[in-house]
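For reference, the structure discussed in these notes is given below.
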Amino acid sequence: MTTPLTGEQSRSILPAARLRGEPRLPGDKSISHRALLLAALAEGRSLVGGAGDGRDVRATAGIVAALGASVERVREDGLNVDYRVTSPGVDGLREPEGVLDCRNSGTSLRLCSGVLAGLPFFCVLDGDASLRSRPVARIIEPLRSMGAALYARRSDSLPPLVVIGRSRLRAIDYTTRVPSAQVKSAILLAGLHAEGQTTVREAVATRDHTERMLRSRGIEVRREPAESSGGGSVAWTLEGGARLRPLDERVPVDPSAAAFWLVAGAIHPDAELTLRGVGVNPTRRAAIDLLVRMGARIQETPLGDAPAGDVGEPLADLTVRSSDLASIDLGPEEVAAAIDEIPILCLAATQARGKTTIRGAGELRNKESDRIAGIAAGLTALGARVAVDGDDIAITGPTPLVGAATETFDDHRLAMTFAVAGLIARGTTTIDRAESAAVSYPSFFLELERLRA
Ligand code: S3P
């Protein structure tokens, strides 16, 4: 049972006797942001079906509206929303009158910066306390070298961020310093307004939704090495000046949200959960593969690529059953591939036989909270054996968890991780500021109730 503890902010979770069913899942957060922004750039009417209705995606919808596109919510169910976006096109967008509020969303901040770099407006991007502590130098540097003017607090390191864009930018050939799909996407989005070819090189392939979605809107985006070779370093190139066409599409289910239930099902002794229509893009499915490597009993039924007119992402139904897990070792490449799932994988590691090591996880400190510190503190409070050494994490298991008070630091992924832990912990687990789950998964606690019923 899940009940409010102190006011609306905290939740207490008691262990579940069994877990069964099919949780409703949010539309992919990364794809939802991109679909809204690309709709703003494409003259005409776009439909974004099944966008995640978390606070992050709402922030991007608000920014798109502030730029002069009409954004209508045509259907909503408390978890997902269908948007109709009607845009006057790049030349018809207008300078926003106020500050653009990205709230908790780093993706809104970084992706919007790329879009705004190519529009001749003065814009200020701001957000909540967490967002104001997240680095922006990584986007200021490449976007400046393309000819946009960007300024930020603390010597251009922290939001609020000012972007003074221009309609014609310079193309660049840029190698990202940290694996970041947000930085890559910001540069490619700015590259749409650059003269010549913009190339972004990354040492580790990050999620490629922007590239796929630009292609489905008529933009030629080249990949080297060619599509068939997976993993490793990759370079993406596009030619500036082409216009995007509007598109009707359905957003796949978010694999990062699905990961919470995959772990819940694997670590709970009496569980069988089915997750329908999950996006299993090769650049997003690392957590599924890592869990299988740990011994999770996950059955995957491919649904083929989304139908024509959709975003062209591979989908699958996933069923997970109670599993005996064993430890694994993750290096920096695997951390980058599963960057948003590391907190919930850490919980899985507490129930795995042996010592799981996660090396080179420093980027986790730059997320909605310092996730290395947050996950170590929360899991340790629950009785897990967690050691942090610099940017490396080691977790030794299996350890029976015991309910305790956990702190989320207002981070949605920590809140959901500790809630899943509460399903197997003896006694009561409390989660402070649990409502932060609504950043990416508004019905998370409702689903949790249903699965244990
Ligand atoms: C995202 C990229 C990742 C991820 C974030 C969403 C995206 O961030 O952590 O939740 O949609 O491009 P970085 O690119 O900064 O690693």
Side-chain angles (χ1 to χ4, degrees), residues 26-38 51-52 54-57 59-60 102-115 127 130-131 133-142 159 161 174 176-189 200 202-214 234 236 251-252 254-260 279 281 283-287 311 313 332-345 360-372 374-375 391 411-414 416-417 436-437 439-441:
D28 189 286
K29 184 159 78 69
S30 291
I31 294 175
S32 302
H33 284 294
R34 287 160 171 80
L36 288 165
L37 287 171
L38 296 179
R55 285 185 218 147
D56 272 17
V57 175
T60 293
C102 301
R103 305 175 76 166
N104 191 240
S105 174
T107 313
S108 305
L109 182 86
R110 272 60 168 265
L111 266 54
C112 286
S113 305
V115 168
S130 151
L131 193 77
S133 69
R134 297 182 64 184
V136 291
R138 55 182 67 189
I139 45 171
I140 290 183
E141 189 224 346
L161 174 68
Y174 190 81
T176 54
R177 298 182 202 290
V178 285
S180 169
Q182 295 181 354
V183 173
K184 171 180 64 173
S185 298
I187 298 167
L188 290 175
L189 291 169
V200 184
E202 40 183 9
V204 180
T206 60
R207 65 192 72 192
D208 63 1
H209 305 303
T210 304
E211 299 85 319
R212 288 174 183 249
M213 294 173 77
L214 285 171
V234 53
W236 296 95
V251 176
D254 197 322
S256 302
F260 292 102
N281 176 320
T283 61
R284 288 292 297 285
R285 55 167 298 128
V311 287
E313 296 275 351
E333 283 212 12
E334 284 156 320
V335 170
I339 189 75
D340 291 337
E341 293 78 58
I342 297 294
I344 191 68
L345 289 172
E363 265 301 296
L364 287 178
R365 298 194 191 276
N366 292 323
K367 296 298 176 188
E368 286 83 329
S369 70
D370 175 345
R371 284 186 178 155
I372 296 185
I375 203 72
D391 291 339
D411 184 326
H412 56 130
R413 298 200 199 278
L414 295 189
M416 292 187 279
T417 297
S436 64
V439 159
S440 63
Y441 199 158

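Order of appearance sets the numbers: ligands from 1, and atoms from 1 within every ligand. Keep in mind it's a predicted model, so treat the numbers as computed, not measured. By convention here, the first residue in the shown sequence is residue 1.
Between Ser108 and Arg103, the side chains place no donor N or O within less than 3.5 Å of an acceptor N or O (distance only, hydrogens not considered). Using modelled atom types and a 3.5 Å distance limit, the side chains of Ser256 and Lys29 yield no donor-acceptor pair.
Salt-bridge annotation for Lys367 and Glu341: absent, with no side-chain N of the basic residue lying under 4.0 Å from a carboxylate O of the acidic one. A salt bridge is defined here as a Lys NZ or Arg NE, NH1 or NH2 lying under 4.0 Å from an Asp or Glu carboxylate O, and Arg413 with Asp340 meets this definition. Under a 4.0 Å N-O distance rule, the pair Asp28/Arg284 qualifies as a salt bridge.
Under a cut-off of 6.0 angstrom, the local environment of CZ in Arg365 is crowded, with over 12 non-hydrogen atoms contributed by other residues, nucleotides or ligands.
At the top of the distance list for atom 12 (O) of ligand 1, counting protein heavy atoms only, stands Arg34 NH2, 2.6 Å. Ranking protein heavy atoms by distance to atom 16 (O) of ligand 1, first place goes to Lys367 NZ, 2.9 Å. With hydrogens left out, the protein atom closest to atom 10 (O) of ligand 1 is Asp340 OD2, 2.8 Å, a heavy atom.
Using a 4.0 Å cut-off to heavy atoms of Ile339, the atoms of ligand 1 that qualify are 9 (O).
Among the atoms of Gln182, some N or O lies under 3.5 angstrom from an N or O of ligand 1. The distance criterion of under 3.5 Å between nitrogen or oxygen atoms is not met by Arg138 with respect to ligand 1. Looking at ligand 1, you'll find an N or O of Ser30 within less than 3.5 Å of one of its N or O atoms.
At least one heavy atom of Arg207 lies less than 4.0 angstrom from ligand 1.
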